[in-house]
Amino acid sequence: MKRARTAVVASLSTAALLALAAPAGSAAPPGSDGEESRAPAGTVLDNFKFVGHSPLDGFNDYGDLYAHGDFAYVGSRCSPTAQGGAGVQVVDISQPKHPRLVSELPNPPFTRAEDVTVLDVRTPTFTGALAVVGIQACFNSGHEAEVVPGVRLFDVTRPGRPALLAHWDLPQGTIGCHEIDAVQRRDGAVLVACARNLIDHQRSNGATALHLIDATDPANPRTAADWTLNAAPGTGVGCLAAQFAHSARFTDGGNSVYVSYWDAGTVHLDITTPGAPAVVGTTRIAPPDEDADNHSMTLANDGAWLIINTEDFSPGDCEESAFGGWGEVYIYDNTNPAQPAFLGTFSTPNSRSTRTDGAYTDHNTEVTGRDQFFSSWYSDGIVWWTMTGSGITRQRGQFVPPPRPDGSPASVWGVYIDSAHDLILASDTRTGLWIAKPKGLNDF
């Protein structure tokens, strides 16, 4: 589950943002590319090359990231003062040694815009690049009852000049869309998934979980379906005993969506008919896992493997040793989607420990080339690993940004495999955007 922290930044002009984002003397020379740069002191480079870094606008509380073409999009959260409103940072990475902040996708004050996705869309009413941003209220801002959470849709065909197209709103007083995804299907329909915040599940006693939104006309989004397991949110197992739809991800060209329903498992929905989601199968990781958390997922090996991220903070959140170490990744044989079968797990040495000088759990995993995995792993940075067909996993490398100025360790939230530039992008919650290149892996 995502944790909210962040700092207040006044509204800045584009020129001021660029001045903040660009280190002194960082004008990009012609021919800058993804080759190795000098890494800051304290950076861990195990089978990775350091390429570039941007502190973004200096807000120092960032969320997930996505990339589209020559631009990276980095979400923001709330800050310790719960002010929010820092928007999605849009960064030109065409010269990745020198990433350059060019614009922002704004969100209202006292809200966070921590999750974003971007896709090319062609419909009768819109052709171009569409950015979809999830909006949530900031806890403890004193304004939770006033803000309007939901989804915002932006035209980012010209990333330096984004334009708000519309917003799909949830009721005032609710928290909002914790994680989102978007897809354009072969039939032309554009769908957006909104997985609701845990607090919304609790307040509705499980009746509020997942919304599917039809954004085929991005200027006029409408609800296509509401779906829930009707699971009691306060029941479950382990350190964070809860059942709620934490995240959702489209697969099969938008004919399926996987809902990571925390202790209730990873639920595969057939949405061939978007207005009538139907359960295909449910994968539960407990047993063997003692905590049962299903945070997010991806498919690998052409859909034959189901990868489940746990984001288990047990050593930091619970004193009981029965809940074991930090989170690890679970892998299932998905050749029969109705009944995935356990294949294996992957963890780091730190995640198998109970040390508490950082956070050593997996967060999200992305895949390239069927079996090359890159996971954002909080204080373990970006972890590169692979797996055989029999479920044997091994670590291939690791990139960890340097400690923060106060000495605290890295906290890598987002990972994106940038196949346009053969690079790995990472977002650290306080230090911004990091760019690295895995050694010996090309044309991915």
Donor + acceptor pair across side chains of W168, T223 (<3.5 Å): yes
Euclidean distance, T251 OG1 relative to L299 CG, rounded to 0.5 Å: 5.5 Å
Check: D115 side chain, G134 main-chain N or O, donor-acceptor pair, under 3.5 Å: no
Which atom of I180 lies closest to which atom of C194, heavy atoms considered: CG2-CA, 4.2 Å
Mind listing the side-chain donor-acceptor pairs of residues 275-283 below 3.5 Å, one per line with the distance, residues two or more places apart or on another chain?
none

Test side chain to side chain contact (heavy atoms under 4.5 Å, CB included) applied to Y73 and V133, step by step: CA-CA 10 Å; Y73 297 77; V133 181; over 6 Å; no
Check ion pair D181-R249 (N to O, under 4.0 angstrom): no
Check: D312 main-chain N/O paired with T361 side-chain donor or acceptor under 3.5 Å: yes
Y378 ring center within less than 6.0 Å of F313 ring center: yes
Spacing of R430 atom CZ and S408 atom OG [to the nearest 0.5 Å]: 4.5 Å
D64 and W413, any side-chain heavy atoms less than 4.5 Å apart: yes
Heavy-atom closest contact (P218 atom, T125 atom, distance): CD-OG1, 3.9 Å
Trace of the side chain to side chain contact (heavy atoms under 4.5 Å, CB included) decision for F71 with V118: CA-CA 10 Å; F71 296 86; V118 184; over 6 Å; no
Y66 and S427, any side-chain heavy atoms less than 4.5 Å apart: no
Sidechain-backbone polar pair: Y416 side chain, A67 backbone, donor-acceptor under 3.5 Å: yes
Test side-chain contact (heavy atoms from CB on, under 4.5 Å) applied to N220 - qualifying residues, sequence neighbours left out: D217
F346 and W385 aromatic ring geometry - parallel, tilted or perpendicular at 30°/60° bounds: parallel
Flag side-chain contact, heavy atom, 4.5 Å: P99 against I435: yes
Flag, side chain of T123 to backbone of T216, donor-acceptor distance under 3.5 Å: yes
Close side-chain approach of F399 to I424, heavy-atom, < 4.5 Å: no
Using a 3.5 Å cut-off and no angle test, enumerate the donor-acceptor pairs between side-chain atoms of residues 252-259 and protein atoms at least two apart in sequence or in another chain.
| from | atom 1 | to | atom 2 | distance (Å) |
| --- | --- | --- | --- | --- |
| N255 | OD1 | R185 | NH1 | 3.4 |
| N255 | ND2 | D252 | O | 3.3 |
| S256 | OG | H268 | NE2 | 3.1 |
| Y258 | OH | H268 | ND1 | 3.3 |
| Y258 | OH | N334 | ND2 | 3.3 |

Within-4.5 Å side-chain heavy-atom neighbours: P233 and F244: no
Spacing of CZ belonging to R196 relative to NE2 belonging to H178, to within rounding of 0.5 Å: 12.5 Å
Backbone of R122 reached by a side-chain donor or acceptor of T127 within 3.5 Å: no
Among N294, D263, T235, the one residue meeting side-chain hydrogen bond (donor to acceptor under 3.5 Å, both in side chains) with Q243: T235
Student check: side-chain heavy atoms of Q184 and D120 closer than 4.5 Å: no
Within residues 100-147 or reaching into it, pairs that qualify as disulfide bond (SG atoms under 2.5 Å apart) - sequence neighbours excluded: C78-C138
For A300 against I307, the heavy-atom pair lying closest together: CB-CG1, 4.2 Å
Enclosure of N140 CG (heavy-atom neighbours >12, cutoff 6.0 Å): no
Check against side chain to side chain contact (heavy atoms under 4.5 Å, CB included), I93 and D418: CA-CA 10 Å; I93 57 170; D418 180 9; 3.5 Å; yes
Evaluation steps, side chain to side chain contact (heavy atoms under 4.5 Å, CB included), between N442 and K437: CA-CA 9 Å; N442 299 304; K437 184 176 181 64; 4.0 Å; yes
Partner residues of F126 under the ring pair (Phe, Tyr, Trp, His ring centres under 6.0 Å) criterion, sequence neighbours left out: none
Chi angles and distances behind the side chain to side chain donor-acceptor pair (under 3.5 Å) call for S94, D92: CA-CA 6 Å; S94 59; D92 184 338; 2.7 Å; yes
Heavy-atom closest contact (A166 atom, A219 atom, distance): CB-O, 3.4 Å
H295 side chain vs H246 backbone, donor-acceptor pair below 3.5 Å: no
Distance, nearest 0.5 Å, that separates NE2 of H201 from CD1 of I175: 12.5 Å
D362 side chain to T310 backbone, donor-acceptor under 3.5 Å: yes
Beyond-backbone contact of T208 with H211, side-chain heavy atoms, under 4.5 angstrom: yes
Parallel, tilted or perpendicular, as decided by the 30° and 60° cut-offs, for the rings of Y261 and W227: perpendicular
Full working for side chain to side chain donor-acceptor pair (under 3.5 Å) between T365 and N309: CA-CA 7 Å; T365 298; N309 306 293; 2.6 Å; yes
Spacing of T266 atom OG1 and Y330 atom OH [to the nearest 0.5 Å]: 12.0 Å
Side chains of L191 and P274 in contact at under 4.5 Å (non-hydrogen atoms): yes
Under 3.5 Å donor-acceptor, N364 side chain and S376 backbone: no
S375 (side chain) donor-acceptor with W377 (main chain) under 3.5 angstrom: no
Atom of L45, atom of F50 and distance for their closest heavy-atom approach: CD2-N, 3.7 Å
CG on D302 to CG on D371, rounded to 0.5 Å: 10.5 Å
Polar side-chain atom of D293 near backbone of W262 as donor-acceptor pair, under 3.5 Å: no
Minimum heavy-atom distance G316-W326, with the two atoms named: N-CH2, 3.8 Å
For Q172, all residues meeting side-chain contact (heavy atoms from CB on, under 4.5 Å), sequence neighbours excluded: V148
Parallel, tilted or perpendicular: rings of F374 and W384 (30°, 60°): parallel
